[in-house]
Number of protein chains: 2
Amino acid sequence: MKEFDPAPHATSDDRPPDLRAGAFQGVREARRNELAEDYVELIAELIHDQGEARPVDIAARLGVKVPTVSKTLDRLAREGLITRAKYRSVFLTEEGRALAKECRRRHEIVLRFLISLGLDPETAERDAEGMEHHVSERTLALFAAFANRS
Amino acid sequence: MKEFDPAPHATSDDRPPDLRAGAFQGVREARRNELAEDYVELIAELIHDQGEARPVDIAARLGVKVPTVSKTLDRLAREGLITRAKYRSVFLTEEGRALAKECRRRHEIVLRFLISLGLDPETAERDAEGMEHHVSERTLALFAAFANRS
DNA sequence: GCAGAATGTTAGCCTTGTCTAACTTTATGT
DNA sequence: ACATAAAGTTAGACAAGGCTAACATTCTGC
């Protein structure tokens with residue numbers, strides 16, 4: 001494995017690799033929750049806007065098929081974020097509602113920040129959707145402050 | 001499904017739901033590529049810093065087990081991003097190198113931006129790791145401009 | 001009030017990403 | 001130089017998230 005000279009750059013960082021793994025661990029953790037967060041946020045929005053959250057509407061908004069939604073809703077129910085009865089629309093539990101509220105807050109802050117930076121609303125919306133799950137509370141505070149002061 | 005009055009808020013947006021699905025479609029697309037991007041970026045870094053990229057080091061840095069890395073590397077090879085020989089360390093293809101370079105560029109811009117916003121470097125690193133895959137080219141340009149002018 | 005349309009569920013398949021356990025190959029130290 | 005340690009691979013399990021096809025239920029318009 002080392003037929004060639006193995007001393008290429010010697011770039012300072014001598015910490016054992018594991019100590020730098022934190023960033024990726026965190027990202028993977030965030031990725032696991034992204035979908036659930038997207039769902040509860042969307043469900044809350046649908047309930048607010050249309051009075052109920054139906055699988056067919058969730059599927060249309062997320063761009064997936066209805067059976068995919070059905071399966072995911074089963075998981076969310078198992079995790080205590082929603083309640084559902086067969087063939088009926090979906091409701092958030094207290095926990096689900098809290099999560100939705102938190103997600104919406106983050107989403108709003110990121111969105112307002114991007115727009116105040118000068119981004120067009122459409123792109124801002126798309127980027128916020130992807131970014132919101134990966135922004136720390138500390139960064140969020142800076143985003144909010146920036147949007148407020150500009 | 002509508003035993004109750006279904007006209008709750010009537011909030012403007014009458015586009016068919018499918019037309020608003022774009023944001024999520026894009027996010028899902030981005031999510032599919034995140035892992036590959038993390039890998040090639042890390043592989044490039046390891047080759048640069050240590051002269052070679054070994055599964056054991058990749059695993060340590062990503063915080064996963066070696067067999068997980070091995071399987072993922074098989075996929076990356078299948079997709080033409082890396083080349084590998086049994087029991088040997090990993091190399092990037094031209095395509096892999098291009099992707100790594102692009103990822104590094106994005107990472108750097110996001111990181112510099114967050115730091116110039118006032119974030120501490122550790123948190124900035126963690127957030128950049130998560131955000132970099134979800135930031136559009138347009139937003140990236142704004143980030144770069146902001147970091148440069150401050 | 002019923003037939004047909006719309007919606008929802010279930011079953012079954014595929015891929016990805018994670019793990020552990022068992023095995024093979026490569027590297028190392030004396 | 002060979003025994004042992006370190007690294008890598010393979011096999012097999014599992015959960016998540018996506019799909020289609022087939023079936024069940026609910027809604028709706030006459």
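So you know, we letter chains A, B, ... as the sequences are listed, proteins then strands, and number each from 1.
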Student: Base, sugar-phosphate alone, or nothing: which one does B/Arg32 contact when heavy atoms must sit under 4.0 Å apart?
Tutor: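 Contact class for B/Arg32: none.
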Student: A cation-pi test, strictly: NZ or CZ of A/Arg28 under 6.0 Å from the centre of the six-membered ring of A/Phe24 and no more than 45 degrees from its axis. Yes or no?
Tutor: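 No, A/Arg28 does not lie over the aromatic ring of A/Phe24.
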Student: Would you say CZ of A/Arg31 has more than 12 non-hydrogen atoms from neighbouring residues, nucleotides or ligands within 6.0 angstrom?
Tutor: yes
Student: Could you check how far CD of A/Gln25 sits from C1' of C/dC19, rounded to whole Å?
Tutor: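 Rounding to the nearest Å, CD of A/Gln25 and C1' of C/dC19 are 14 Å apart.
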Student: Picking from D/dG18, C/dT24, D/dT20, which would you name as closest to the side chain of A/Pro67?
Tutor: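 In terms of side-chain proximity for A/Pro67, the closest of D/dG18, C/dT24, D/dT20 is D/dT20.
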Student: Take a 6.0 Å sphere around CZ of B/Arg75 and say whether it holds more than 12 heavy atoms from other residues, nucleotides or ligands.
Tutor: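 Yes, because the 6.0 Å sphere around CZ of B/Arg75 holds more than 12 heavy atoms from other groups.
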Student: Using a cut-off of 6.0 Å, state whether more than 12 heavy atoms not belonging to A/Arg84 lie near its atom CZ.
Tutor: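 Yes, because the 6.0 Å sphere around CZ of A/Arg84 holds more than 12 heavy atoms from other groups.
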Student: Which part of the nucleic acid, if any, lies within contact of A/Arg31, taking any heavy atom under 4.0 Å across all strands shown: a base, the sugar-phosphate backbone alone, or nothing?
Tutor: nothing
Student: With a 3.5 Å cut-off and heavy atoms only, can you find an N or O donor on one side and an acceptor on the other between the side chain of A/Lys65 and the base of D/dT20?
Tutor: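 No, the side chain and the base share no sub-3.5 Å donor-acceptor pair.
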Student: Check if the side chain of A/Lys71 and the base of D/dG18 share a donor-acceptor pair of N or O atoms closer than 3.5 Å.
Tutor: yes
Student: Report the nucleotide, chosen from D/dG8, D/dG18, C/dT9, that has the shortest atom-to-atom distance to any side-chain atom of B/Val66.
Tutor: D/dG8
Student: For C/dT10, does either OP1 or OP2 sit under 4.0 Å from a side-chain N or O belonging to A/Lys86?
Tutor: yes
Student: When you measure from the side chain of B/Arg84, which nucleotide among D/dG8, C/dG17, D/dT9 comes out closest?
Tutor: D/dT9
Student: By nearest atom, which of the nucleotides D/dT10, C/dT24, D/dG18 is closest to the B/Tyr87 side chain?
Tutor: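 Side chain of B/Tyr87 sits closest to C/dT24.
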Student: Just N and O in the side chain of A/Thr68: are any of them under 4.0 Å from OP1 or OP2 of D/dG17?
Tutor: no
Student: From the set D/dG18, D/dG8, D/dA16, return the single nucleotide nearest to any side-chain atom of B/Arg54.
Tutor: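 Nearest to the side-chain atoms of B/Arg54, counting from C-beta on, is D/dG8.
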